[in-house]
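Chain identifiers are assigned alphabetically (A, B, ...) following the order of the sequence lines, protein sequences preceding nucleic acid strands; residue numbering begins at 1 within each chain.
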Number of protein chains: 2
Amino acid sequence: MVRKTKEDAELTRQRIIDAARDVFLVRGVSRTSMEQVATQAGVTRGAIYWHFNNKTDLLYALRDRVFLPLIDRMDDTLLVEGSTDPLTRIENFLSGTIKVLNDSIETRQTYEIMMLKCEYVDEFEAVLRQMISTCSGIIENVRLTYERAQVKGLLAGDLTPAELAMDTHLFFSGLLHMWVKDIEGTQLRPHALAMIKTHINLRRK
Amino acid sequence: MVRKTKEDAELTRQRIIDAARDVFLVRGVSRTSMEQVATQAGVTRGAIYWHFNNKTDLLYALRDRVFLPLIDRMDDTLLVEGSTDPLTRIENFLSGTIKVLNDSIETRQTYEIMMLKCEYVDEFEAVLRQMISTCSGIIENVRLTYERAQVKGLLAGDLTPAELAMDTHLFFSGLLHMWVKDIEGTQLRPHALAMIKTHINLRRK
DNA sequence: TATTACATACAAACATGTATGTATGTAAAT
DNA sequence: ATTTACATACATACATGTTTGTATGTAATA
């Protein structure tokens with residue numbers, strides 16, 4: 001039994017998180033035992049319990065590693081006025097998220113676990129509430145961006161930015177769910193970016 | 001131990017399904033033991049195993065009781081030409097599903113269990129595949145209905161019926177997910193019908 | 001030396017599926 | 001109409017296994 005440096009301990013911790021992700025993906029969170037995670041990580045259960053209080057904490061760590069960077073990215077894409085028009089900024093925000101899903105297997109798998117492989121009961125219901133709260137933030141940012149588009153005369157039809165933002169949010173929420181469910185990546189994934197473009201074009205004058 | 005008539009046995013079976021739904025909703029499918037379902041149903045585990053092979057079969061029964069009628073309803077609303085125009089038929093199909101969710105606690109709870117309280121692993125992955133297959137059928141029916149709307153000159157913009165059908169499907173998929181997640185029914189549920197109307201209006205000339 | 005980052009051992013609880021027991025329904029024979 | 005044989009619809013008991021969390025041990029770091 002070899003004690004480690006702090007850096008080594010952190011590597012062990014990350015290795016445990018990676019292992020959890022692998023096993024959660026196959027077995028689902030509830031049916032995964034801590035022994036299985038330990039085996040996958042090449043440590044013992046004692047090590048897991050040193051780093052994490054329980055399975056839920058492990059799942060939190062897994063989730064935070066992926067979702068926090070995504071949320072940080074959101075403000076950059078939507079609210080920072082650059083050379084692109086507001087509608088293109090919304091499109092870039094949506095397609096950027098799809099690109100991250102395409103590029104990062106970690107992100108992809110974490111989404112899949114959160115959407116299809118865990119049950120929102122007990123202490124985990126709070127996570128659902130957080131997700132809904134994050135959605136409210138996103139909707140607000142999209143609404144603000146649609147307002148900018150309206151001011152610039154870019155919007156078709158006579159719907160309000162709030163209505164458009166809600167419609168877009170529901171569209172994108174559905175897209176994410178269907179994207180994740182397209183496990184073999186043949187039915188929806190190849191078309192996701194085109195669908196986003198279509199969606200934005202539907203509201204462009 | 002009193003043996004029952006066939007009719008009584010069927011009542012026992014339905015009572016077990018109802019009990020399972022109640023317990024699954026609170027504890028999640030995986031964390032629910034068959035003993036808990038038995039207690040809730042007022043029978044013993046032996047009775048459950050008489051009627052169902054295992055927990056997965058019980059979950060199938062629960063699901064089928066709700067989803068089969070919904071799927072049957074689909075063709076009626078979309079494909080049967082009545083006095084209403086095709087866009088209104090799409091709107092009625094979408095809002096009709098929301099109305100069923102509002103009116104039937106059983107439907108509502110089953111959706112919640114299927115979306116938030118179970119993990120799609122092992123034998124249950126097949127259910128996910130079935131759901132995706134059902135979605136394809138819905139998309140096709142919506143596309144056909146959008147085509148009818150196009151022939152009648154009701155569509156705004158220059159998108160194809162296939163593109164519109166896909167956008168609508170993703171919107172509605174997102175709406176269902178967010179609707180189900182609005183557990184306290186205060187954030188999205190009161191506005192769902194209006195959002196559907198908005199969505200359809202966005203494509204009406 | 002004290003603390004850390006683990007590994008190993010212990011204790012307890014729970015859950016599943018199956019075997020067996022039992023009372024009653026049902027159809028057929030008398 | 002009564003009796004019998006069988007099947008049914010459960011309840012109870014059995015057998016087995018797994019999993020969790022915690023206590024304790026241990027080598028290395030700080």
Side-chain angles (χ1 to χ4, degrees), chain A residues 1-62 113 117-119 121-124, chain B residues 1-62 113 117-119 121-124:
Chain A
M1 203 299 305
V2 183
R3 195 189 152 201
K4 308 287 180 74
T5 62
K6 283 196 174 185
E7 290 78 38
D8 287 343
E10 180 59 27
L11 288 178
T12 299
R13 187 174 183 277
Q14 297 302 326
R15 198 162 75 244
I16 291 168
I17 295 173
D18 287 334
R21 194 175 63 246
D22 291 341
V23 186
F24 287 166
L25 195 67
V26 172
R27 301 184 54 81
V29 177
S30 296
R31 295 188 206 195
T32 294
S33 69
M34 298 297 255
E35 182 66 42
Q36 285 158 346
V37 176
T39 301
Q40 179 78 9
V43 299
T44 63
R45 288 198 297 114
I48 299 190
Y49 282 106
W50 170 262
H51 286 280
F52 305 97
N53 290 325
N54 47 44
K55 196 192 289 184
T56 301
D57 277 1
L58 182 52
L59 188 57
Y60 277 125
L62 178 68
I113 289 162
K117 307 286 169 88
C118 69
E119 304 178 343
V121 292
D122 293 341
E123 63 289 331
F124 220 57
Chain B
M1 202 299 302
V2 184
R3 197 190 152 201
K4 310 287 181 71
T5 63
K6 284 193 175 188
E7 292 77 39
D8 287 345
E10 180 59 26
L11 288 179
T12 299
R13 188 173 182 278
Q14 298 301 326
R15 197 163 75 244
I16 292 168
I17 295 174
D18 287 334
R21 194 177 63 247
D22 291 341
V23 185
F24 285 167
L25 194 67
V26 171
R27 301 186 53 81
V29 176
S30 295
R31 295 188 208 194
T32 295
S33 70
M34 297 297 255
E35 183 65 44
Q36 284 156 347
V37 175
T39 301
Q40 179 79 7
V43 298
T44 63
R45 288 198 297 116
I48 298 188
Y49 281 105
W50 170 261
H51 286 281
F52 305 98
N53 290 325
N54 46 44
K55 196 193 287 185
T56 301
D57 278 1
L58 182 52
L59 188 58
Y60 277 125
L62 177 69
I113 290 163
K117 308 285 169 91
C118 70
E119 303 177 343
V121 293
D122 292 342
E123 63 291 331
F124 220 56

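- One atom, NE2 of His51(A), and another, P of dT4(C), lie 13 Å apart when rounded to the nearest Å.
- Protein atom CD of Gln14(A) is 14 Å distant from nucleotide atom P of dA5(C), rounded to whole Å.
- Taken to the nearest 0.5 Å, the CG atom of Asn54(A) stands 10.5 Å off from the CZ atom of Phe52(A).
- For the residue pair Gln40(A) / Gln36(A), no side-chain donor-acceptor distance below 3.5 Å is found, with atom types taken as modelled.
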Apply side-chain contact (heavy atoms from CB on, under 4.5 Å) to Leu11(B) and Gln14(B), showing your working.
CA-CA 5 Å; Leu11(B) 288 179; Gln14(B) 298 301 326; 5.6 Å; no
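- Rounded to whole Å, atom C1' of dA28(D) lies 13 Å from atom CH2 of Trp50(A).
- Each of Lys55(A), Arg45(A), Arg27(A) was checked for a salt bridge (charged side-chain N to carboxylate O under 4.0 Å, His left out) with Glu35(A), and the lone residue meeting it is Arg45(A).
- In this structure, the CD1 atom of Ile48(A) is 15 Å from the C1' atom of dT8(C), given to the nearest Å.
- Annotation: of the two residues near DNA chain D, Thr32(A) and Gly46(A), the 5′-most nearest-nucleotide partner is Thr32(A).
- A salt bridge links Arg21(A) with Asp18(A): at least one charged nitrogen is closer than 4.0 Å to a carboxylate oxygen.
- Listed candidates were dG21(D), dC6(C), dA15(C). Nearest to the side chain of Gln36(B) is dA15(C).
- Among the nucleotides dT22(D), dA11(D), dT19(D), the one closest to any side-chain atom of Val43(B) is dA11(D).
- For Ala47(B), the side-chain atoms get nearest to dA11(D) when compared with the rest of dA11(D), dT22(D), dA15(C).
- In this structure, Leu58(B) atom CG and dT16(C) atom C1' are separated by 14 Å, rounded to whole Å.
- Nearest to the side-chain atoms of Tyr49(B) among the listed nucleotides dC10(D), dT16(C), dG17(C) stands dG17(C).
- Inter-residue side-chain proximity for Val26(A) and Thr32(A) is flagged as unmet; no heavy-atom pair is nearer than 4.5 Å.
- Rounding to whole angstrom units, NZ of residue Lys55(A) and P of dT19(D) are separated by 9 Å.
- OP1 or OP2 of dC10(D) sits under 4.0 Å from a side-chain N or O of Thr12(B).
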Interface polar pairs with nucleotides 13-16 of chain D, N/O, under 3.5 angstrom:
none

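- The pair Glu7(A)-Arg13(A) does not meet the salt-bridge criterion, since no charged nitrogen lies less than 4.0 angstrom from a carboxylate oxygen.
- If you check every strand for non-hydrogen atoms under 4.0 Å, Thr44(A) touches a base.
- For the pair Phe52(B) CZ and dC10(D) C1', the computed distance is 14 Å after rounding to whole Å.
- Rounding to whole angstrom units, CD of residue Glu35(B) and C1' of dG17(C) are separated by 13 Å.
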